[in-house]
Peer 1: 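Quick one: the structure is below, questions incoming.
Remember, predicted model here, so these are calculated numbers, not experimental data. Scope of the values below: all heavy atoms of this structure, side chains included, with no hydrogens, waters or symmetry mates.
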Amino acid sequence: MGDGFPAVVPVRDSKNSGGPALIFESAAWSSFVTAAKGGEFTVRAMRQHSRDRPSPSGVGRCRAGAQAFHNSTTKQSD
């Protein structure tokens, strides 16, 4: 959690602890960690997913995940 900002999780390269950090909403980070622990990002899981749900664009889940991440990290202007 970010010091003083419990709604965000800063993530940086452990080899460059003074470098820039990516900031994730706590819920988005928690969801990612749960999925990673559950094996959703293994090669086998990704291949199975692509067989079960072929994507005409060829990127399927990656595009959906990137869009979800983008939506969770950008402010919506009215």
Peer 1: So, for Arg12 and Ala21, which heavy atoms are closest and what is the spacing to 0.1 Å?
Peer 2: NH2-CB, 3.7 Å
Peer 1: Short question: side chain of Ser17, backbone of Ser14 - any donor-acceptor pair under 3.5 Å?
Peer 2: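 No: the side chain of Ser17 does not pair with the backbone of Ser14.
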Peer 1: To the nearest 0.5 Å, how far apart are CH2 in Trp29 and CD1 in Ile23?
Peer 2: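 The CD1 atom of Ile23 is 11.0 Å from CH2 of Trp29, to the nearest 0.5 Å.
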Peer 1: Among all residues two or more places apart in sequence or in another chain, which pass the side-chain hydrogen bond (donor to acceptor under 3.5 Å, both in side chains) test with Lys15?
Peer 2: Asp13
Peer 1: For Ser31, give me all partners under side-chain contact (heavy atoms from CB on, under 4.5 Å), at least two apart in sequence or on another chain.
Peer 2: none
Peer 1: Suppose we screen for side-chain contact (heavy atoms from CB on, under 4.5 Å). Which residues come up paired with Ala27, at least two apart in sequence or across chains?
Peer 2: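 Expected list: none.
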Peer 1: Rounded at 0.5 Å granularity, tell me how far CZ in Phe32 sits from CD in Glu40.
Peer 2: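 Taking CZ in Phe32 and CD in Glu40, the distance rounds to 10.5 Å.
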Peer 1: Would you name the heavy atoms of Ser26 and Val8 that are closest together and state the gap between them?
Peer 2: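 Nearest pair, atom of Ser26 first, then Val8: OG-N, 3.4 Å.
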